[in-house]
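Single-structure report; data block below.
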Amino acid sequence: MGNYSAVVLDFETTGLSPDSGDRVIEIGAVLIRDNRIEDRFQSLMNPGRPVSGFIEEYTGISNSMLATAPPIATVMEKFVHFMAGHHLVAHNAGFDRRFLDAELQRISQRRRQDFACSLLVARRVYPDAPGHSLAALVRHKRLPTSGVHHRALADAEMTAHLWLGMIAELKSAFHLRQVPFALLQQLARVPKKAAPVFLQRHAAAQHGEAGTTAAPAV
DNA sequence: TGCCAGGCCCTCTTTAGGGCCTT
């Protein structure tokens, strides 16, 4: 990766939509820098009301566990400091971004960092994977895993390994010296079919083979 | 009462529909 740090995060929630009143019940996050995990953040959060049986089953997080968890606001205040100054990454980032922004708004805070989506990048880096869910990619690429799924920190760690793996893959396949965060953000927005040409052009520019020796404007 | 997410991506597409992905 380039000379940047990123916080890879994952929320467990009461449902799919903060606009429908859903709240977060667990956050897991890892700070990655220089191709390794440097720090971790994890906490359950009490949403103030019972979660459904489906969520208890899906996450393994029970209402009794949440009853003794700290309030959401208390945890989010701490997470604001953890994520400060770092790019943000999540798998299907639109989901986590909506919940993060909704919870930050409740404590009168605002997100200032860019978000990047490992799902959108994976669809372009691994177009032939049998699926692009986090679990499918972990299996397909044999990424490090504790075997735990649908818990925030475990999912954040697997997403971090996926992210670092994709950076390594791009470096290797396109002989890139650096894979800046902005390049991955751009890649996620490029039409999927155009991704190979986009990456080849970027690699050529980075090697000064495109009539310029300047670094690509990413 | 009944509603009940949002966005990407493909295709039997663009005056649309449905699968995938997140909980």
Side-chain angles (χ1 to χ4, degrees), chain A residues 6-30 41-63 65-66 69 72 75-76 79 83 88-106 111 114-141 143 145 148-163 165-166 184-199:
Chain A
V7 164
V8 185
L9 68 101
D10 183 74
F11 282 116
E12 304 306 315
T13 69
T14 64
L16 289 172
S17 173
D19 291 339
S20 300
D22 286 316
R23 302 295 303 275
V24 297
I25 60 173
E26 188 184 35
I27 183 168
V30 297
F41 184 102
Q42 184 275 333
S43 183
L44 291 172
M45 293 172 275
N46 188 341
R49 53 183 165 79
V51 299
S52 68
F54 172 80
I55 293 298
E56 284 190 305
E57 177 71 21
Y58 186 80
T59 64
I61 299 170
S62 66
N63 281 299
M65 292 163 68
L66 295 174
I72 294 173
V75 176
M76 293 307 299
F79 184 68
M83 71 173 181
L88 299 175
V89 176
H91 200 67
N92 200 14
F95 176 86
D96 295 279
R97 188 190 63 238
R98 283 192 294 276
F99 275 99
L100 176 62
D101 291 352
E103 297 297 350
L104 290 178
Q105 187 171 21
R106 285 173 178 268
R111 174 176 56 88
D114 295 334
F115 241 111
C117 178
S118 57
L119 170 62
L120 293 180
V121 174
R123 281 176 175 160
R124 289 155 177 78
V125 177
Y126 305 129
D128 298 326
H132 296 87
S133 68
L134 184 57
L137 289 164
V138 166
R139 278 195 302 271
H140 181 60
K141 302 311 294 182
L143 297 173
T145 174
V148 174
H149 291 270
H150 306 308
R151 286 300 300 268
L153 184 58
D155 284 3
E157 295 215 25
M158 288 186 287
T159 303
H161 287 301
L162 169 64
W163 191 252
M166 292 193 294
L184 294 171
Q185 281 188 304
Q186 285 188 342
L187 178 60
R189 289 192 296 264
V190 168
K192 196 180 166 188
K193 286 181 178 177
V197 171
F198 169 82
L199 287 166

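Every heavy atom of this structure was used, including side-chain atoms; hydrogens, water molecules and symmetry mates were not. In the text below, chain A, chain B and the rest are named by the order of the sequence lines, each starting its count at 1. From a predicted model like this one, the values you see are computed outputs, not experimental measurements.
Atom CZ of Arg151(A) is separated from atom P of dT22(B) by 17 Å (rounded to the nearest Å). Whole-Å rounding puts the Lys192(A) NZ to dC21(B) C1' distance at 13 Å. One interatomic measurement links the two molecules: CG of Leu119(A) to P of dC8(B), which rounds to 11 Å at whole-angstrom precision. Atom pair Arg23(A):CZ and dA5(B):P shows a separation of 18 Å (rounding to whole Å applied). Per the geometry, CG belonging to Asp96(A) stands 9 Å off C1' belonging to dT23(B), to the nearest Å. Protein atom CZ of Phe54(A) is 15 Å distant from nucleotide atom C1' of dC4(B), rounded to whole Å. A straight line from CG of Leu100(A) to P of dT22(B) spans 18 Å, rounded to a whole angstrom. Atom C1' of nucleotide dG7(B) and atom NE2 of His91(A) are separated by 14 Å, given to the nearest angstrom.
When the C1' atom is compared between dT13(B) and dC8(B), the two are found 15 Å apart, to the nearest whole Å. Nucleotides dG17(B) and dC12(B) place their C1' atoms 10 Å apart, quoted to the nearest Å. Comparing the C1' positions of dG6(B) and dT23(B) gives a spacing of 13 Å, expressed to the nearest Å. Nucleotides dG18(B) and dT14(B) place their C1' atoms 16 Å apart, quoted to the nearest Å.
Asp10(A) comes within contact range of the sugar-phosphate backbone alone, with a heavy-atom separation under 4.0 Å but no base atom that close. The residue Ile25(A) sits apart from the nucleic acid: no heavy atom pair falls under 4.0 Å.
Summarising the geometry of Val8(A) relative to Ala160(A), their closest heavy-atom pair is CG1-N, 3.8 Å, with the distance given to 0.1 Å.
Along DNA chain B, the nucleotide nearest Lys193(A) and the nucleotide nearest Thr14(A) are compared for position; the residue whose nucleotide lies closer to the 5' end is Lys193(A). Projected onto DNA chain B by closest heavy-atom contact, Pro130(A) and Arg98(A) fall at different nucleotides, the more 5' of which corresponds to Arg98(A).
Between Arg151(A) and the choices Glu12(A), Glu157(A), Glu26(A), the side chain to side chain donor-acceptor pair (under 3.5 Å) rule is met once, by Glu26(A).
For His132(A), the side-chain atoms get nearest to dC21(B) when compared with the rest of dC21(B), dT23(B), dC9(B). Set against dA5(B), dT23(B), dC9(B), the side chain of Ser20(A) has dA5(B) as its closest nucleotide.
Checking the phosphate oxygens (OP1, OP2) of dC9(B), a side-chain nitrogen or oxygen of Arg124(A) falls inside 4.0 Å. Dashed line: the shortest gap from a side-chain N or O of His150(A) to OP1 or OP2 of dT23(B) is under 4.0 Å.
Side-chain N/O atoms of Asp22(A) and Ser17(A) include no donor and acceptor closer than 3.5 Å.
Between the CG atom of Leu9(A) and the CZ atom of Phe115(A) there is a distance of 4.5 Å, given to the nearest 0.5 Å.
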Decide yes or no on side chain to side chain contact (heavy atoms under 4.5 Å, CB included) for Ile72(A) and Arg106(A), but give the supporting numbers first.
CA-CA 10 Å; Ile72(A) 294 173; Arg106(A) 285 173 178 268; over 6 Å; no

